[in-house]
Amino acid sequence: MIEAQGLFKRYGDKTAVNGISFTVHPGKVTGFLGPNGAGKSTTMRMIVGLDTPSAGSVSVNGRRYAEHRAPLREVGALLEAKAFHTKRSAYNHLRAMAATHGIPNSRVHEVIEMTGLGPVAKKRVGGFSMGMGQRLGIAVAMLGDPQTVILDEPVNGLDPEGVQWIRHLARGLAAEGRTVFLSSHLMSEMAMTADHLIVIGRGRIIADAPVSEIIAGRGQLRTRVRTDRPSELLAALGGDGTTSTLLEPDLLEITGPDPRRIAEAALRQQVLVYELTPLQASLEEAYMELTASEVEYSSHDLPLGARAQDVPEGSRS
Amino acid sequence: MSTSTSTPAAPAGARRSDGPRLSFARVLRSEWIKVTTVPSTVILLASTLVVMVGLAALASWSLQTGQAQLDSGGPPPQMGPPGDPLPDFGDLARGTPSSGIIFGQLLIASLAVVLIASEWATGMIRSTMVAVPKRVPALLAKNVIVAAVSFLIGAAAALLSYVVAQPILAVEDLDFALTDDKIVASIVNTGTYLALIAVISMGIGTLLRNTAGGVVTAVGLFFVLPVIVVNLISGLADWIPDAARFLPTNAGEQLVAVVAEEGALTQLEGGLVMAAWAVVLLIASLLVTRRRDI
């Protein structure tokens with residue numbers, strides 16, 4: 001369990017984290033989602049005490065992280081990639097970390113096995129690819145068999161197999177009743193892994209809710225309609241609150257009225273409709289909508305609300 | 001690379017009761033593992049030992065040939081700065097065990113700066129401080145390890161130097177016994193001197209968080225500043241040469257000196273002054289590290 005209260009962090013006159021409060025509960029994967037520079041990493045660094053909050057406080061399992069007698073057994077953290085001495089081997093790095101808590105060598109071998117580092121464990125970390133660096137970071141995080149796991153952008157640099165492994169790991173840890181706090185700027189990743197989302201933008205919390213609620217609460221109702229006479233159908237629907245795009249000569253996307261109203265209008269007008277698909281807003285869209293005004297480094301030549309892919313309802317598991 | 005998808009399978013209830021937790025002894029052990037698992041530190045330590053003993057052998061040889069020159073009625077050899085009166089060769093001989101210090105301190109200072117500053121350079125410091133979030137024990141442990149290793153290397157090098165120098169000096173009857181006045185102290189304090197150099201340097205490295213800057217600052221303090229003070233600005237005011245005695249290396253030299261110089265600090269005073277530098281820098285580095293973000 002992670003509890004943050006009124007957490008502020010200023011660097012000079014720049015506010016990185018602007019008075020956020022949140023709770024991360026055990027037993028589920030909580031995603032920490034936000035654009036780059038939104039304050040995710042700073043928040044995670046404050047949780048493990050690398051950065052001192054300018055105001056407010058954050059506790060892990062009821063205490064400040066530094067107050068725990070066995071910090072590595074409370075929290076396993078993967079912060080920025082590569083927090084290792086480049087000349088030391090992965091095995092020796094793990095050994096040095098384990099030694100601080102008297103964690104036995106057998107556990108070092110376990111986490112090497114678990115993260116698939118076996119073949120490279122005796123090699124110097126300096127030669128590691130980003131993906132292997134991430135795996136080593138996760139091995140360190142798992143050393144203390146911690147109750148709370150914090151992973152900052154864990155899928156960065158991982159191959160598809162590694163990404164899937166992280167998903168599986170995060171879900172497995174949560175299923176064991178642990179607290180899993182996972183940051184990413186990738187919505188698709190969160191949609192796959194997280195149960196609950198904390199969305200942050202410009203140092204403020206924009207949303208803190210279950211993934212399903214965030215998707216449901218955002219985005220307007222849209223329906224895909226296939227008909228031979230699109231213009232007549234639109235006329236029958238009337239103008240108020242209805243917008244539409246003609247995707248193909250016989251394919252319309254209608255925003256505003258629900259599928260039932262569209263079907264009724266079609267029936268009234270005797271227009272043949274042979275597809276009527278309600279579209280669910282994707283997490284990506286919901287996220288874009290949430291953070292549109294909160295993006296710190298926006299690229300102006302690209303439209304921010306770049307068309308998100310539509311996910312037909314039901315195809316999300 | 002093969003991927004294992006297993007998750008740790010520890011029973012949640014059993015994990016609280018058993019042993020693993022932080023302790024200073026364990027942090028010390030971790031720091032010891034760190035020192036011994038980076039090849040460059042091990043190489044640097046070995047070179048320090050070799051260079052110090054080698055220098056002592058050369059110094060003994062130089063003394064031996066100088067003495068031979070005197071004995072044969074030739075022109076007096078040039079020992080020390082030009083124009084100085086010829087020193088007593090017996091005294092010089094008894095200084096040979098610690099004669100490697102001049103170069104040894106350069107290597108030890110670099111080592112101490114590198115040990116801490118490279119953690120910032122590589123990002124290792126974040127791993128260190130997440131494992132030991134109170135920070136002070138981690139830094140203290142690192143200082144204890146580097147001081148202990150430097151002490152052992154220094155004292156061992158001085159003792160080896162003594163052993164190596166005796167047969168060379170014996171050719172001209174310049175050899176001496178371990179039991180002679182101040183010899184044991186000089187050998188042991190070669191270690192003390194290097195340990196204090198290490199702590200001062202690590203303090204500088206911790207405050208600057210930068211390898212190059214740390215090494216330059218340490219070399220400046222140990223080598224350049226004394227030269228500037230003695231050779232360039234000592235004429236400006238009477239108190240300057242007086243104050244120069246309190247520079248860390250000038251004071252520390254008294255730790256290993258076998259002949260008490262006129263007006264210099266005593267062995268104890270010199271040791272205390274150098275130790276004060278070490279303690280002040282250590283405390284400053286602990287306080288700053290505790291406050292600043294990593």
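Per chain, numbering begins at 1; letters A, B, ... match sequence-line order. Given the structure is predicted, the values throughout are model-derived calculations rather than measurements.
Side chains of Arg88(A) and Met124(B) form a contact here, defined as non-hydrogen atoms less than 4.5 Å apart. Between His93(A) and Lys34(B) the shortest side-chain heavy-atom distance does not fall below 4.5 Å. Between Thr41(B) and Lys87(A), every side-chain heavy-atom pair lies at or beyond the 4.5 Å cut-off.
Between chain B and the residues His68(A), Met46(A), His101(A), Met97(A), the most heavy-atom pairs under 4.5 angstrom are made by His101(A). Most heavy-atom pairs under 4.5 Å with chain B, from the set Ile103(A), Val48(A), Leu72(A): that is Leu72(A). Looking only at heavy-atom pairs under 4.5 Å with chain A, the residue among Gly123(B), Ala121(B), Ser40(B), Ser127(B) that has the most is Ser127(B). Put simply, of Ile33(B), Thr37(B), Leu28(B), the one with the most heavy-atom pairs under 4.5 Å next to chain A is Thr37(B). Ranked by non-hydrogen atom pairs under 4.5 Å with chain A, the options Ile294(B), Leu22(B), Val27(B) are led by Leu22(B).
When all heavy atoms are compared, the tightest approach of Arg124(A) to Pro39(B) is NH2-CG, 3.4 Å. In terms of heavy atoms, His85(A) sits closest to Ser118(B) at NE2-OG, 3.3 Å. Closest non-hydrogen pair, Arg73(A) versus Pro20(B), comes out as CD-O, 3.1 Å.
In this structure, Trp120(B) places its CH2 atom where more than 12 heavy-atom neighbours from other residues, nucleotides or ligands lie under 6.0 Å away. The 12-atom threshold is not exceeded at CZ of Phe103(B), counting heavy atoms of other residues, nucleotides or ligands nearer than 6.0 Å. Open room surrounds CD1 on Ile102(B); 12 or fewer heavy atoms of other groups in view lie less than 6.0 Å from it. Counting non-hydrogen atoms of other residues, nucleotides and ligands closer than 6.0 Å to CD of Gln5(A) gives a total of 12 or fewer.
Between Phe84(A) atom CZ and Arg126(B) atom CZ the span is 9.5 Å, to the nearest 0.5 Å. Rounding to the nearest 0.5 Å places CZ of Arg69(A) at 10.5 Å from OG of Ser23(B). In this structure, OG1 on Thr36(B) lies 6.5 Å from CZ on Arg95(A), to the nearest 0.5 angstrom.
In this structure, chain A has a heavy atom under 4.5 Å from the side chain of Arg135(B), while its backbone stays farther away. For Tyr11(A), the part lying under 4.5 angstrom from a heavy atom of chain B is the side chain only. Only the side chain of Arg45(A) comes within contact range of chain B, with at least one heavy atom under 4.5 Å from a heavy atom of that chain. Contacts between Gln164(A) and chain B at a heavy-atom distance below 4.5 Å are absent for every atom of the residue.
Salt bridge annotation for Asp293(B)-Lys9(A): present, with a cationic side-chain nitrogen under 4.0 angstrom from a carboxylate oxygen.
Partner of Val130(B) under the side-chain contact (heavy atoms from CB on, under 4.5 Å) criterion, chosen from Leu50(A), Ile150(A), Thr100(A): Leu50(A).
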